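Below is one structure, written out as structure tokens; the observations come after it.
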Amino acid sequence: MGEFKVHRVRFFDYMPCAISAMAFNRHTERLAVARADGAVEVFCFADNYFQEKVIPGQDGRAVEALCWVGQRLFSAGLNGEITEYDLENLRPRYTVEAYGGPIWTISSNSQGTLLAVGCDDGTVKMFEILEEIIQFQRNLDRQKGRIISLSWHPSGTLIAAGMMDMIRIFDAETGHTTHRLLVERGVGASKSKEVVVWSIVFLSDHTIISGDSAGKVQIWDGFTGTLVRTHLVTKWDVLALSVSPDESSLVAGTSEGTIVQFQFLSSTVDQQDKEWIRTRTFKNHSHDVRALVHTDTAVVSGGMDTQLVVRPLLDKVEKKTQESALRKIAFPHRNLVCCAKKAGLLLFQFPDHLEVWRVGESDGHGKPGDSLLVKRKPEKLIQLKTKGEDHICCSALSPCGGWLAYSTVSSVRLYRLQYNNNISITKVSRLPKELRWAHQLCFSSDSSKLFASSTHSTVVVVALNQLECKYLQTLKPKSGSRQPVHLLFASEDGKWLASANTDCEVHVYNLQKLKLHCTVPVYNSCPTAVAINPATSNLVVAHADQQIFEYSLVQKEYTEWSRKLQKQGLHYLWLERDTLITNITFNPKNPAHIILHDMFMFCIVDQSLPLPEAKAILYNQMTLRSLPEPERIRHSHAFKICKNFQHLLCVTLLEDHSLVVVERPLLEIMSQLPAPVRQKKFAT
């Protein structure tokens, strides 16, 4: 493993945003997650929790609540607007003003015909869900005080609304209040404070469960409007509730970072008198748990510490399977770092700006494992702030370092860079009309072309020179897929361009003829990284289920090595990894070396060595170093793995064959988090 000079980069100061809301679509097994900056992410639980889509945020668009209606996704926020998202083009489709001040909550009936939103002015507003848009229908009886939380009864006839110091039950047809439930305040000094009902759940047996700022989870009889039982679970706030699909289990998230589980159990043998009993407490967060989802087999949580945590309930899953492992998803499953290999520059993407850095230089040589003295420190050359309110979707830096491009949901911007003697950046003012916005951006290896993925999995090709930017062609797949492209890769020899979309399709285009060359056989797991070997023109694809395929672009078939790999099968420890391969590159000194990484592991796959058997030690590099050479040869296999990393964001090779490793240590992230927030602040 000591065959590269390594630049270990730790100055990408990327900070994930807090999770503010979540919604789970049980039919498609998609989880929507909203961040504090207004970004919305969609994870596919059926495909190893892959983050398949990201809709960038916008200044002033804070999402407070999310809601699925069929395959349509809606959000509401403190700007007073309801937004429906275009999940094919990864942008807001439209926004509707509710005219009730800040919106705290949004919920749909089980029939998928009506949306209800709770507003700051005390109204619950009903919107009819039409085929293309939503339309205001009416207000329910206006209340004194803001509506903080909502929950429909599964029948769609009643709505429970959490407020300050009370819960109201509305008849959804007449709009009138049927019951008013007064919530007890805290004890001692807290008795003078209003109690905020942060979350509410309306069960099919007309039980209402509430979580409030006094730290209580309360069980109510929805028929009579009476309190059945109170559970004091924290000294602070209960911020979120979620119930399992069969309504036998409930979880509550607190501002202490704990999650408390309740189960509907019987205390007698005859199973007649069931009640909600507190059973377990989980501690997977350091700060407020703002959002919860209870699936059939797991509890999914998120909050101020930015991590999405999937906690399996071991009584619901088989032990020692991938489904039973605790997961913490801290970073996006997409590249936020781009490297100009020929120039030794790095581009870092933040939501609202870009940074261009020059990597440092070392002095002298050393033995494997030595830390070399730094002759020239890394240098930030440019910080580019975006124009307008929209956050950045994607960005790219050309291999020569002379071009920089980024896209928002509304436009693409292209810049010319000078960085040798005097550092300057010049915007290219006239862009082709076909280059409107992009999901992914990529430059050719000679920096003469820009590729931008557009609608319906198409790719726009633009020629670049000193004087102008000229449109050449739009590359289209024959499949007619409407899903967005999330991966683009241009080959070193300038012949090929590979694209992958969230329909699990991988298309390869011939750049000399500017037309489709082939489509890789569709595999039922989404690609997470693609790359083309410059020596062999073989396409290597890593998928969300941890499988790896190698496809010959010349022969238009899987290679012999790939067939052997699939026949023997990957090592079980490789398949059990819970982070996905996010980048692939190759060793120019040895074409048989495939270099890839996930968030915690760096691996060189040596195709000249035998594949690891099931009984082989997969993570054996440190062990091999201590063995004599004959033993080392006998135990070596194709997968050379190093795990001494935290949050590995990018691994790539520069033109001088030195390796750039960009990572973000977890301790640095945690030190930047604010002190735990004990109570959510209201909009003024």
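Keep in mind it's a predicted model, so treat the numbers as computed, not measured. Residue numbers start at 1 and run along the sequence shown.
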Rounded to the nearest 0.5 Å, what separates atom [atom1] in [X] from atom [atom2] in [Y]?
{"X": "Ile106", "Y": "Leu115", "atom1": "CD1", "atom2": "CG", "value": "4.5 Å"}
{"X": "Asp606", "Y": "Lys640", "atom1": "CG", "atom2": "NZ", "value": "4.5 Å"}
{"X": "Glu132", "Y": "Arg93", "atom1": "CD", "atom2": "CZ", "value": "7.0 Å"}
{"X": "Arg72", "Y": "Cys67", "atom1": "CZ", "atom2": "SG", "value": "11.0 Å"}
{"X": "Ser453", "Y": "Asn501", "atom1": "OG", "atom2": "CG", "value": "10.0 Å"}
{"X": "Gln546", "Y": "Thr528", "atom1": "CD", "atom2": "OG1", "value": "7.5 Å"}

Can you tell me if [X] uses its side chain to pair, donor with acceptor, with the backbone of [Y] under 3.5 Å?
{"X": "Arg430", "Y": "Cys469", "result": "no"}
{"X": "Ser445", "Y": "Glu492", "result": "yes"}
{"X": "Asn587", "Y": "Lys589", "result": "yes"}
{"X": "Asn48", "Y": "Phe50", "result": "no"}
{"X": "Asn538", "Y": "Glu550", "result": "no"}
{"X": "Tyr94", "Y": "Ile134", "result": "yes"}
{"X": "Trp496", "Y": "Ser537", "result": "no"}
{"X": "His333", "Y": "Gln51", "result": "yes"}
{"X": "Asn533", "Y": "Pro591", "result": "yes"}
{"X": "Ser457", "Y": "Gln483", "result": "yes"}

For [X] versus [Y], what's the shortest heavy-atom pair and its separation?
{"X": "Ala438", "Y": "Cys393", "answer": "O-CB, 3.9 Å"}
{"X": "His486", "Y": "Cys526", "answer": "CE1-SG, 3.7 Å"}
{"X": "Thr582", "Y": "Asn335", "answer": "O-OD1, 3.4 Å"}
{"X": "Ile581", "Y": "Arg577", "answer": "CD1-NH2, 3.3 Å"}
{"X": "His391", "Y": "Asp37", "answer": "CE1-O, 3.6 Å"}
{"X": "Glu468", "Y": "Asn465", "answer": "N-OD1, 2.7 Å"}

**Prompt:** Between His543 and Phe549, does the ring centre distance come in under 6.0 Å?
**Reply:** yes
**Message:** Does the Lys NZ or Arg CZ of Arg91 fall within the cation-pi geometry relative to Trp437 - under 6.0 Å from the ring centre and within 45° of the axis?
**Reply:** yes
**Message:** Does atom NZ (Lys476) have a neighbourhood of more than 12 heavy atoms from anything else shown, all under 6.0 Å?
**Reply:** no
**Message:** Counting only heavy atoms from other residues, nucleotides and ligands, does the tally under 6.0 Å from NZ of Lys385 exceed 12?
**Reply:** yes
Contact check, side chains of [X] and [Y], non-hydrogen atoms, under 4.5 Å:
{"X": "Thr502", "Y": "Val42", "result": "no"}
{"X": "Val660", "Y": "Cys650", "result": "no"}
{"X": "Trp574", "Y": "Cys603", "result": "yes"}
{"X": "Tyr85", "Y": "Leu90", "result": "no"}
{"X": "Lys495", "Y": "Leu553", "result": "no"}
{"X": "Asp598", "Y": "Leu580", "result": "no"}
{"X": "Leu570", "Y": "Leu565", "result": "yes"}
{"X": "His637", "Y": "Leu609", "result": "no"}

**Item:** Glu52 with Arg30: basic N within carboxylate O range, under 4.0 Å
**Value:** yes
**Request:** For the residue pair His439 and Asn89, confirm or rule out a side-chain donor-acceptor distance under 3.5 Å.
**Result:** no
**Request:** Using the six-membered ring wherever Trp is involved, compare the ring planes of Phe331 and Tyr14 and label them parallel, tilted or perpendicular (cut-offs 30° and 60°).
**Result:** tilted
**Request:** For the residue pair Phe348 and Phe12, categorise the inter-ring angle as parallel (less than 30°), tilted (30 to 60°) or perpendicular (more than 60°).
**Result:** parallel
**Message:** For a side chain to side chain contact (heavy atoms under 4.5 Å, CB included) check, start with the C-alpha distance between Leu414 and Trp403, then their side-chain angles and the critical distance, and finish with the verdict.
**Reply:** CA-CA 7 Å; Leu414 180 66; Trp403 298 93; 3.9 Å; yes
**Prompt:** Can you list the steps and then say if Leu649 with Leu336 is a side chain to side chain contact (heavy atoms under 4.5 Å, CB included)?
**Reply:** CA-CA 8 Å; Leu649 299 178; Leu336 299 174; 5.9 Å; no
**Prompt:** What residue among Lys53, Arg334, Arg35 forms salt bridge (Lys or Arg N to Asp or Glu O under 4.0 Å) with Glu41?
**Reply:** Arg35
**Message:** Is there a side chain to side chain contact (heavy atoms under 4.5 Å, CB included) between Phe451 and Ser444? Walk through the geometry before answering.
**Reply:** CA-CA 8 Å; Phe451 308 107; Ser444 61; 3.9 Å; yes
**Request:** Applying side chain to side chain contact (heavy atoms under 4.5 Å, CB included), run through Ser479 and Asp503 and close with a yes or a no.
**Result:** CA-CA 10 Å; Ser479 66; Asp503 265 340; over 6 Å; no
**Request:** Please step through side-chain hydrogen bond (donor to acceptor under 3.5 Å, both in side chains) for the pair Gln566 and Gln547, ending with a clear verdict.
**Result:** CA-CA 9 Å; Gln566 292 304 310; Gln547 293 291 337; 3.3 Å; yes
